[in-house]
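Read the structure below first, then the notes.
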There are 2 protein chains.
Amino acid sequence: MKKESGPVRPGIRLYLSDDGSEGMFGDGKWRLLRSIEEEGSIRRAAEKLGRGYRKAWGDIKRTENALGRELVRKTRGGPTGGATELTEFGRELLEGWQRYREAVMEGMEGAFELHLSGLLERSEDER
Amino acid sequence: MKKESGPVRPGIRLYLSDDGSEGMFGDGKWRLLRSIEEEGSIRRAAEKLGRGYRKAWGDIKRTENALGRELVRKTRGGPTGGATELTEFGRELLEGWQRYREAVMEGMEGAFELHLSGLLERSEDER
DNA sequence: AATGGATATGTACGACCATGCATATCGGTT
DNA sequence: AACCGATATGCATGGTCGTACATATCCATT
């Protein structure tokens, strides 16, 4: 089981927290929100992302509890069985995070080139 | 077991990778290198950081394998039992990472203020 | 009231990982 | 040669986390 291996690159994991730990909100939850907005249902959103409904549902719930606000408005029953859409707050968080994320990643690329790429490229040759 | 809970703040985890996964190098390994430089031994470095020697030793080894270069020079035996010091590459990585890390974190703070703090502060009031 | 598709939630199992325990090895000094 | 403190490693274990399985609930439409 060999892994893909290329040049050394910088990676990043961003999240929001009120106690220093991860789990409150991050890229995973962000993709989930985006998928819910597109699909209109937690189940289809989860399927599209290749996760189980159980996890997606739990993620939403834990995030809402942690933030103290609702991210989605859910309905059950009816001809379609039910549906889920983002609240206004959910949409704002989705968009704010997207901009935030892109800004930080750009900064990361720049800082990497500035402070580490030289050392690591040189390293590639010498090894 | 209640957790400390304050305002929502941005968190970050930085790492180096050649295959998208974490584990090659990050803040944990960086602190370990710094501690080794200060203490002159893996054992004392680990103790100072509150980890076991077993883990510290394994971390160094895995990182060296992943980067394909040696980070430390180790000696065994003698009156002191042995010692470990950083290689030139180890020192450069230590310093480069420190500068890289600080630059990215500053960028993160700025981006957070710009794109998310307004939304989240407003959220604090309303909840 | 019967249906169907989605939400809601507990439970269990397996993979992964951090940590600790035990033990072997090394080698300059005494 | 004995000693001592650090390096070197395997192995067992305990907890976390993702994922799967099983059910229960809901309700507009028919």
Side-chain angles (χ1 to χ4, degrees), chain A residues 1 3 13 15 17 19-29 31-33 35-66 70-87 90, chain B residues 1 3 13 15 17 19-29 31-33 35-66 70-87 90:
Chain A
M1 203 64 60
K3 292 231 176 165
R13 184 192 287 232
Y15 55 89
S17 170
D19 68 348
S21 69
E22 304 186 23
M24 178 189 252
F25 192 80
D27 276 0
K29 311 287 166 60
R31 286 193 207 94
L32 178 56
L33 284 188
S35 189
I36 289 174
E37 185 177 48
E38 291 167 4
E39 297 297 321
S41 111
I42 294 179
R43 178 162 303 278
R44 283 201 303 278
E47 253 171 48
K48 188 178 176 186
L49 294 178
R51 318 177 201 174
Y53 170 84
R54 184 67 182 82
K55 172 164 177 53
W57 179 87
D59 282 351
I60 290 291
K61 177 135 191 187
R62 272 184 295 116
T63 298
E64 287 183 332
N65 286 342
E70 294 188 345
L71 295 167
V72 297
R73 185 169 11 257
K74 294 167 279 193
T75 60
R76 298 198 295 184
T80 66
T84 296
E85 60 176 3
L86 299 192
T87 60
Chain B
M1 201 65 61
K3 293 232 176 163
R13 183 192 287 232
Y15 55 90
S17 170
D19 68 348
S21 69
E22 304 185 23
M24 178 188 252
F25 192 80
D27 276 1
K29 312 286 165 61
R31 286 194 207 93
L32 179 56
L33 284 188
S35 189
I36 289 175
E37 184 176 47
E38 291 167 3
E39 298 297 321
S41 112
I42 295 179
R43 178 164 303 280
R44 284 202 303 279
E47 252 172 48
K48 188 178 176 186
L49 295 177
R51 318 178 200 173
Y53 170 84
R54 184 68 182 80
K55 172 163 176 54
W57 178 86
D59 283 351
I60 291 290
K61 176 134 190 188
R62 271 184 295 116
T63 299
E64 287 184 331
N65 285 343
E70 294 188 345
L71 295 167
V72 298
R73 185 167 13 257
K74 294 168 280 193
T75 59
R76 298 198 295 184
T80 66
T84 297
E85 60 177 3
L86 298 194
T87 60

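In what follows, chains carry the letters A, B, and so on, assigned in the order in which the sequence lines appear, proteins first and then strands, with residues in each chain numbered from 1. Every heavy atom of this structure was used, including side-chain atoms; hydrogens, water molecules and symmetry mates were not.
Between W57(B) and dA8(D) there is a side-chain N or O to OP1 or OP2 distance below 4.0 Å. Within the structure, every side-chain polar atom (N or O) of K61(A) is placed at least 4.0 Å from both OP1 and OP2 of dT7(C). Side-chain N/O atoms of T80(A) include none lying less than 4.0 angstrom from OP1 or OP2 on dG4(C).
No side-chain heavy atom of L71(A) sits less than 4.5 Å from a side-chain heavy atom of K29(A).
Among the protein residues, G82(B) comes within range of the sugar-phosphate backbone only, with heavy atoms under 4.0 Å from sugar or phosphate atoms but none that close to a base. Among the atoms of the strands shown, base atoms are found under 4.0 Å from some heavy atom of R54(B).
Out of dT29(C), dT7(D), dT19(C), the shortest distance to the side chain of K55(B) is found at dT19(C). Comparing dA8(D), dT19(D), dT9(C) against the side chain of Y53(A) picks out dT9(C) as the nearest. Candidate nucleotides dT7(C), dT29(D), dA6(D) were compared by shortest atom distance to the side chain of R43(A), and dT7(C) ranks first. The side chain of R76(B) sits closest to dT25(C) out of dT25(C), dG20(C), dT7(C). Ranking dA28(D), dT7(D), dA8(C) by closeness to the K74(A) side chain, first place goes to dA8(C).
Here the C1' atom of nucleotide dA8(C) and the CD atom of E64(A) are 13 Å apart, to the nearest Å. To the nearest angstrom, C1' of dC17(D) lies 14 Å from CZ of R51(A). The distance from atom CD of E85(B) to atom C1' of dA6(D) is 15 Å, rounded to the nearest whole Å. The distance from atom CD of E39(A) to atom P of dA6(C) is 11 Å, rounded to the nearest whole Å. The CG atom of D59(A) sits 14 Å away from the C1' atom of dT9(C) (whole-angstrom rounding). Between I42(B) atom CD1 and dC26(C) atom P there is a gap of 17 Å when expressed in whole angstrom units. Separating the CZ atom of R44(A) from the C1' atom of dG4(C) is a distance of 14 Å, rounded to the nearest angstrom. Rounded to whole angstrom, the span from the CD atom of E22(A) across to the P atom of dT16(D) amounts to 16 Å.
In this structure, T63(B) contributes its side chain and M24(B) its backbone to a donor-acceptor pair below 3.5 Å.
Closest approach of Y15(B) and R13(B) over heavy atoms only: CD2-O, 4.1 Å. Contact detail for L49(A) and L32(A): the closest heavy-atom pair is CD1-CA, 3.8 Å. Residues A46(A) and G52(A) approach most closely at CB-O, 3.8 Å, considering heavy atoms.
Both G78(B) and G58(B) sit near DNA chain D, but only G78(B) has its closest nucleotide nearer the 5' end.
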